[in-house]
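First the structure, in the form of structure tokens, and then the observations on it.
Model, not experiment: these values are computed from the prediction. Counting convention: from 1, in listed order, for ligands and their atoms alike.
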Amino acid sequence: MVKQANSVLSGFGTTIFETMSALAKETGAINLGQGFPDEDGPEDIRAAAAKAFMEGPNQYPPMMGTPDLRQAVADHNHRFYGIAVNPDTDILITSGATEALADCLMALIEPGDEVVLFEPLYDCYLPLVLRAGGIPKFIRLDPPSWTLEPERLAAAFSDKTKLVLLNTPMNPTGKVFNLDELEQIAEQVQKYDAYAVCDEVYEHIVFGLSRHVPIATLPGMGERTVRIGSAGKTFSLTGWKVGYVTGCTELIARIAKAHQFITFTTPPALQQAVAYGLNKGDEFYEKLQIDMQSKRNYFKYGLENAGFETAACDGTYFINVDIRSIGFTGTDEEFCRLIITEAGVAALPVSAFYMSDNAEKHFVRFCFCKREDVLSDAVTRLSDFFSGK
Ligand code: PMP
Ligand code: GLN
């Protein structure tokens, strides 16, 4: 008889990203489901990787990351947020933000610890928390404003809270937590002597008057926070899987204990290229922000013209629409299946990002980090389909 696999992980199906991308491929639909840009990031960064692949380094780099990349991450922290860290001890390079999250959760959670999570939440959070033995405590955010309700925040924390997992700018909502909300979260974290694990992979994709503030910069939070970034998002190279974790020396040392047994290292040639990328001038980061904001504006306007009400979107490359606004009465999942097969556009049901009972079922997420002609084609297809053309 075959023995059972681990029950926590085998209880989860294939991720919605993989499922919808496969369906989009099969049907030839425009894929605005899974989040990835349709244009690769800067050529000079890719050239730096190609050079490093040919000339080396290609053997195991130091476990904590190459010195050049750790220095570049430290400089980046200082340039954008005034965070001063020691590149030798306070930075860990990982194989993507996903590995960074796994490292942090494996390293910090003891079975039975409570972990505060915001719903809707990114897909790998809950499986990793549960696999580490954590007990999830959800704080629900509701569309279209995604506002944090103080009572829900307070109710999620207790003496058993080990950490809060905070994603800002937030996938799938497009929410950027404001200073007031961050202060409220920081207060709870300190009250219960907990940690904050912060997934900030969309740190440079923030629109209008919103600002990305790492919670690590708030008073009293530096020693209890780790901040996770990803080259995949910042340089539009999602397949590269190079992540970076910044925190105080003691916390990084603990998290490195997980990293050394999970991947141990990350391809050094990619690390060299990402170091080069992070050192780019401010104009690179400004252009990324401007380009993404113009895509957001273009797509949002197109959707609204087609009759959709959109939810607030102040950051990331995702925008959500209320499917009831065009008279659709079914669930978000039914809507996604309908538009992929009948209109030729793929989106993701937001209910897939709610793990507790009572999932929100009337919103779908579109990814807009695509060329304008692609976004325009997608809007035309949706508009034609729903107007019966
Ligand atoms: N966190 C969030 C919120 C994301 O959207 C993503 C993108 N897939 C990740 C983590 C994972 O990043 P990476 O590809 O660097 O592992
Ligand atoms: N982060 C991307 C998204 O939310 C894709 C992640 C993935 O495919 N695992 O769409």
Side-chain angles (χ1 to χ4, degrees), residues 12-25 30-38 40-41 65 69 73 92-105 117-129 141 146 165-177 197-206 212 214 226-246 259 262-263 266-267 270-271 273-274 277-278 292 313 315-320 336 346-354 363-370:
F12 287 91
T14 303
T15 80
I16 191 75
F17 305 119
E18 192 76 12
T19 308
M20 283 300 183
S21 282
L23 200 55
K25 211 166 196 162
I30 299 174
N31 189 357
L32 304 187
Q34 190 180 28
F36 60 91
D38 61 357
D40 285 347
L69 181 51
V73 174
L92 173 69
I93 306 305
T94 58
S95 294
T98 311
E99 194 230 328
L101 285 158
D103 293 348
C104 292
L105 299 172
L117 300 164
F118 296 88
E119 265 194 318
L121 78 177
Y122 183 59
D123 75 332
C124 71
Y125 293 180
L126 187 64
L128 290 174
V129 166
L141 305 174
W146 312 114
L165 179 41
L166 174 66
N167 175 211
T168 184
M170 185 185 184
N171 179 7
T173 61
K175 175 184 175 68
V176 178
F177 283 77
V197 173
C198 298
D199 178 343
E200 302 181 14
V201 299
Y202 299 103
E203 60 188 324
H204 291 293
I205 307 176
V206 174
H212 172 60
V226 286
R227 206 176 94 67
I228 298 171
S230 167
K233 311 295 170 195
T234 296
F235 302 116
S236 299
L237 295 163
T238 59
W240 278 26
K241 305 296 280 190
V242 178
Y244 17 95
V245 190
T246 304
H259 168 69
I262 293 180
T263 59
T266 297
L270 293 179
Q271 294 195 47
V274 170
L278 283 173
M292 287 297 177
C313 168
T316 75
Y317 35 62
F318 306 112
I319 189 163
N320 294 274
C336 288
L348 294 185
V350 170
S351 60
F353 299 86
Y354 285 84
F363 283 78
V364 300
R365 187 195 86 171
F366 288 99
C367 168
F368 58 76
C369 53
K370 308 290 177 185

Ignoring hydrogens, what is the shortest heavy-atom contact between Ala347 and Cys336? Give both atom names and the distance. O-SG, 3.6 Å
Closest protein heavy atom to atom 1 (N) of ligand 1, given as residue, atom name and distance to 0.1 Å: Asp199 OD2, 2.5 Å
Here the pair of heavy atoms bringing Gln34 nearest to Ser21 is OE1-OG, 2.8 Å
Would a distance-only check, ignoring hydrogens and angles, find a side-chain to backbone donor-acceptor pair under 3.5 Å from Thr94 to Gly96? yes
Where Leu117 and Val129 come nearest, the two heavy atoms and their spacing: CD2-CG2, 4.3 Å
Can you find a pair of side-chain heavy atoms, one from Val73 and one from Ile93, that are under 4.5 Å apart? yes
Below 4.0 angstrom from a heavy atom of Gly96, which ligand 1 atoms are there? Numbered from 1 as shown, please. 15 (O), 16 (O)
Which atom pair, heavy atoms only, marks the closest approach of Val274 to Tyr244? CG1-CE2, 4.1 Å
Element-labelled atoms of ligand 1 that are located less than 4.0 Å from some non-hydrogen atom of Lys241: 13 (P), 14 (O), 16 (O)
For Asn171, the ligand 1 atoms whose distance to one of its heavy atoms is below 4.0 Å: 3 (C), 4 (C), 5 (O)
Just so I know, are the side chains of Ile228 and Leu101 near enough to count as touching, which here means a heavy-atom distance under 4.5 Å? yes
Looking only at protein heavy atoms, identify the closest one to atom 7 (C) of ligand 1 and say how far it is in Å. Lys233 NZ, 2.4 Å
For ligand 2, would you mind listing the residues that have at least one heavy atom less than 4.0 Å away, ordered by chain and number? Phe17, Gln34, Gly35, Tyr122, Asn171, Tyr202, Lys233, Phe318, Arg365
Grab the two heavy atoms, one from Ile205 and one from Pro169, that are nearest each other, plus how far apart they are. O-CG, 4.1 Å
Considering non-hydrogen atoms of the protein only, which is the closest contact for atom 16 (O) of ligand 1, and what is the distance? Thr98 OG1, 2.6 Å
Work out whether the distance between some heavy atom of Glu99 and some atom of ligand 1 is less than 4.0 Å. no
Residue pair Asn320, Thr173: steps toward the side chain to side chain donor-acceptor pair (under 3.5 Å) verdict: CA-CA 7 Å; Asn320 294 274; Thr173 61; 6.0 Å; no
Does the side chain of Pro172 reach to within under 4.5 Å of the side chain of Phe363, using non-hydrogen atoms? no
With sequence neighbours excluded, what pairs up with Ala273 under the side-chain contact (heavy atoms from CB on, under 4.5 Å) test? Ile45, Ala48, Ala49, Trp240
Indicate yes or no: does an N/O atom of Asn167 lie under 3.5 Å from an N/O atom of ligand 1? no
Can you tell me which residue and heavy atom of the protein come closest to atom 8 (N) of ligand 1, and the distance to 0.1 Å? Tyr122 OH, 2.7 Å
Show which atoms of ligand 1 fall inside a sub-4.0 Å distance from at least one heavy-atom site of Ser230. 13 (P), 15 (O)
For residues Lys233 and Phe36, determine if any side-chain heavy atom of one lies less than 4.5 Å from a side-chain heavy atom of the other. no
If you scan protein heavy atoms around atom 12 (O) of ligand 1, the nearest is Ala97 CB, 3.4 Å
Around atom 5 (O) of ligand 1, find the nearest protein heavy atom and jot down its residue, atom name and distance. Tyr202 OH, 2.6 Å
